[in-house]
Amino acid sequence: MSAFLALLSRDLRLAVRQGGALGTALGFYMLVVTLLPLGLGADLNLLSRIAPGVLWIALLLAALLSLGRVFSSDYEDGTLDVLATGRLPMELVVGAKALAHWISTGIPLALMAPVLGLLLNLELSAYPLLFGTMLAGTPAISFIGAVGAALTLRAYRGGLLIALLVLPLYVPTLIFGMAAINGLLGASGTMSAFLILIALSLASVVLCPLAAAAALRLQMQ
Amino acid sequence: MQQGYLLASAGLPVVHLRFSAQPLRSFSMTQTLTQRLANPTRFMELSASVLPWVAGAAALVIGYGLYLSFFVAPPDYLQGETARIMFIHVPCAWLSMAVYAIIAMSSFGLLVFRHPLADVSAKAAVPLGAAFTFLALVTGSLWGRPTWGTYWVWDARLTSVLILFFLYLGLMALRSSIEDEALASKLTAILALVGIVMLPIIKFSVNFGNTLHQPASVIRAGGPTIDTALLVPLLVMAVGFTLMFVAMHLKAMRNEIMRRRVKALQLAEVERAQASQLAAAE
Amino acid sequence: MQLVAENLTLERGARRIANGVSFVLESGTALLLTGPNGSGKSTLLRALAGYLRPSEGTVKVRGENGAFEGSSESGEVAEVCHFVGHLDGIKTHLTVKENLAFWATYLAGPADAKQSTAHRVEDALEQFALDALAEIPAGYLSAGQKRRLGLARLAVAKRPIWLLDEPTVSLDVASVKVLTDAIDAHLKAGGMAVIATHLPMELASVRSMQLGRAQVPA
């Protein structure tokens with residue numbers, strides 16, 4: 001457990017020290033959300049209707065941008081080799097790193113979403129829901145993304161490739177994230193989509209490290 | 001040099017070396033059919049004799065199916081002649097899913113049992129699956145234009161087939177962007193297995209999102225109720241297309257095995273040249 | 001304790017790197033792997049650490065009485081060894097001390113329970129003459145200092161097997177002395193080391209094994 005926490009806190013500390021990754025992701029997030037009204041026209045009614053979807057899709061893209069480095073920096077400087085000689089199974093190494101990504105990127109992006117909602121004329125009542133559903137959905141984004149990052153560790157054209165591999169796998173997260181907001185905002189206030197979203201995140205937390213660890217082990221040969 | 005060895009040295013774990021370098025033992029009765037087929041040399045012999053028959057049968061069945069589709073089946077009373085596209089569309093859609101299942105099984109075989117042919121099978125099947133999925137999408141969209149009045153509808157079924165197509169593209173892209181072929185095979189196999197776990201979830205989510213946004217939509221989930229007059233040609237076409245896939249898959253596997261043998265020979269050539277250069281220097 | 005390699009055959013891609021390598025390494029001895037570039041020294045070390053799965057043969061650890069204690073396949077060898085490869089495994093944004101403190105926690109085993117993490121880090125800093133640099137971000141270090149920081153990992157957690165790949169690269173004479181002293185002390189305490197090297201190393205108890213050039217798969 002102490003090894004897991006040591007790795008988690010080291011990754012978080014690195015994320016804070018390096019800073020650039022989070023800044024880039026947040027900047028990208030803001031930019032995509034700014035471009036959409038410019039492309040779609042500034043009809044406030046239309047914007048407020050599509051705001052949750054726009055914010056979710058832009059969040060997926062922004063998170064994707066920062067995922068590429070999850071394992072590659074440790075692979076390039078030899079850290080991954082040493083991490084593999086620890087007592088911590090590779091699955092938990094992946095878990096710690098994906099968790100660090102969620103805390104250092106997923107949560108800030110989710111926090112940023114309501115602020116960007118202002119630009120899209122999102123109803124004020126929707127803010128807590130938007131943030132809540134994103135908080136519930138972003139673990140799936142980090143953990144599914146970790147599989148993509150692990151698979152593309154030694155691939156050339158990594159950045160584009162990871163998008164092609166991971167975005168189709170994000171479809172359920174996107175759909176249930178949107179359905180959760182609509183369900184909770186709707187007259188009936190149904191929770192089912194929100195609960196499925198949480199289940200999806202929990203399942204990714206458990207299952208994705210298995211695939212990512214297998215991929216990493218193969219590439220350390 | 002033994003042919004079986006060439007395959008093993010072309011990037012498959014050498015555990016098979018011992019197995020495939022002894023073709024005589026592979027005839028023993030203790031081995032299962034899959035084990036016997038897993039021997040590349042044996043596979044090449046077997047597939048060479050089976051392939052023409054499968055290809056011929058595919059041509060005959062598809063020919064008969066096309067005859068039934070165009071001349072025997074009655075035009076749909078609502079959709080008219082356009083409904084005939086179904087006889088191409090449905091077999092393609094069926095294969096788009098069946099081929100992914102084959103890829104997933106082959107990937108499992110590679111990762112768990114390390115069958116030397118499992119990877120060849122997975123690699124050969126991916127472009128074929130992508131092609132059938134693409135055809136299913138194109139024919140579906142052509143069929144949709146006169147029926148629904150638009151080329152594309154964000155119907156649950158179409159959407160999930162489109163995402164399936166993206167999964168195929170991902171498999172091809174991942175394999176082609178990793179230099180080490182043995183590594184590329186195993187990583188692609190992991191991705192294929194992740195895909196097969198995700199597919200039902202994607203399908204479920206797309207259905208969920210769909211019923212939420214457009215309940216009681218234009219399209220009925222079951223499609224038009226199928227009359228036997230339409231069902232028979234459809235089944236014949238499905239069998240024909242499946243046979244065609246089997247023939248193409250076998251051919252693609254044979255090509256892949258031969259490509260690996262050529263590569264192994266070239267690598268051996270490089271090594272030998274290097275060795276003789278060194279010997280000359282000493 | 002013994003480190004046993006039995007009939008290892010190693011392959012990378014389609015190339016066969018090593019063919020039928022066997023050795024038994026006893027407690028208190030070091031094995032020097034020598035041979036020209038491409039003779040498979042690094043590959044053999046990676047196989048011993050369990051990163052590379054041998055196509056044939058096994059790597060095992062045996063206890064005092066010859067009892068089986070673990071194999072590389074199940075990761076048990078990795079857990080009792082330190083691996084220092086070509087890359088130092090240093091995070092440039094962390095200070096020298098933070099780098100070592102992380103490894104001291106991460107790599108710690110039951111044998112390290114007696115000493116606190118901070119204590120082990122202090123000892124390692126002193127042993128590898130890094131105490132003056134402790135609070136400096138590792139990114140500012142010279143190549144030789146980075147190498148020493150990478151090697152200082154050996155001292156933050158007690159592990160019986162050291163796998164070192166060209167450890168003397170970019171070290172000056174004084175630092176090489178520090179390293180050989182550390183290895184000698186480790187051997188004296190009953191440890192083992194497998195060292196891939198171009199240069200001869202003066203160690204108390206050492207055997208060497210010459211690896212040939214890569215075999216032609218025939």
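All values reported here derive from a predicted model rather than from experimental measurement. In what follows, every chain begins at residue 1, and chains take the letters A, B, ... in the order their sequences are listed.
- To the nearest 0.5 angstrom, D81(A) atom CG is 11.0 Å from L45(C) atom CG.
- Between the OG1 atom of T79(A) and the NZ atom of K91(C) there is a distance of 4.0 Å, given to the nearest 0.5 Å.
- For the residue pair A84(A) and A78(C), the shortest heavy atom distance occurs at O-CB, 4.1 Å.
- Looking at V93(A), the atoms closer than 4.5 Å to chain C (heavy atoms on both sides) all sit in the side chain, from C-beta outward.
- For chain A, no part of A157(C) is nearby; none of its heavy atoms comes within less than 4.5 Å.
- Looking at R53(C), the atoms closer than 4.5 Å to chain A (heavy atoms on both sides) sit in the backbone and in the side chain alike.
- Taking CZ of F4(A) as the reference point, atom OG1 of T105(C) lies at 14.5 Å (rounded to 0.5 Å).
- The CD atom of E79(C) sits 10.0 Å away from atom CG of L88(A), with the distance rounded to the nearest 0.5 Å.
- Residue S9(A): no heavy atom, backbone or side chain, is found under 4.5 Å from chain C.
- At least one side-chain heavy atom of R17(A) sits less than 4.5 Å from a side-chain heavy atom of L94(C).
- Separation of atoms CG (D11(A)) and CZ (F102(C)) is listed at 7.5 Å; rounding is to 0.5 Å.
- Only the backbone of I90(C) comes within less than 4.5 Å of a heavy atom of chain A; no side-chain atom from C-beta onward does.
- A heavy-atom distance below 4.5 Å is found between the side chains of L83(A) and W103(C).
- With hydrogens and angles ignored, the 3.5 Å screen pairs no side-chain donor or acceptor of Y106(C) with any backbone N or O of L7(A).
- With a 4.5 Å cut-off on side-chain heavy atoms, T85(A) and R159(C) count as touching.
- Side chain of R153(C) to main chain of V82(A): no donor-acceptor pair is present (N/O by atom type, distance under 3.5 Å, no hydrogens or angles).
- Remark: E98(C) engages R13(A) in a salt bridge, criterion side-chain N to carboxylate O under 4.0 Å.
- Contact annotation: the side chain of Q221(A) never approaches that of Y51(C) to less than 4.5 Å [non-hydrogen atoms, C-beta and beyond].
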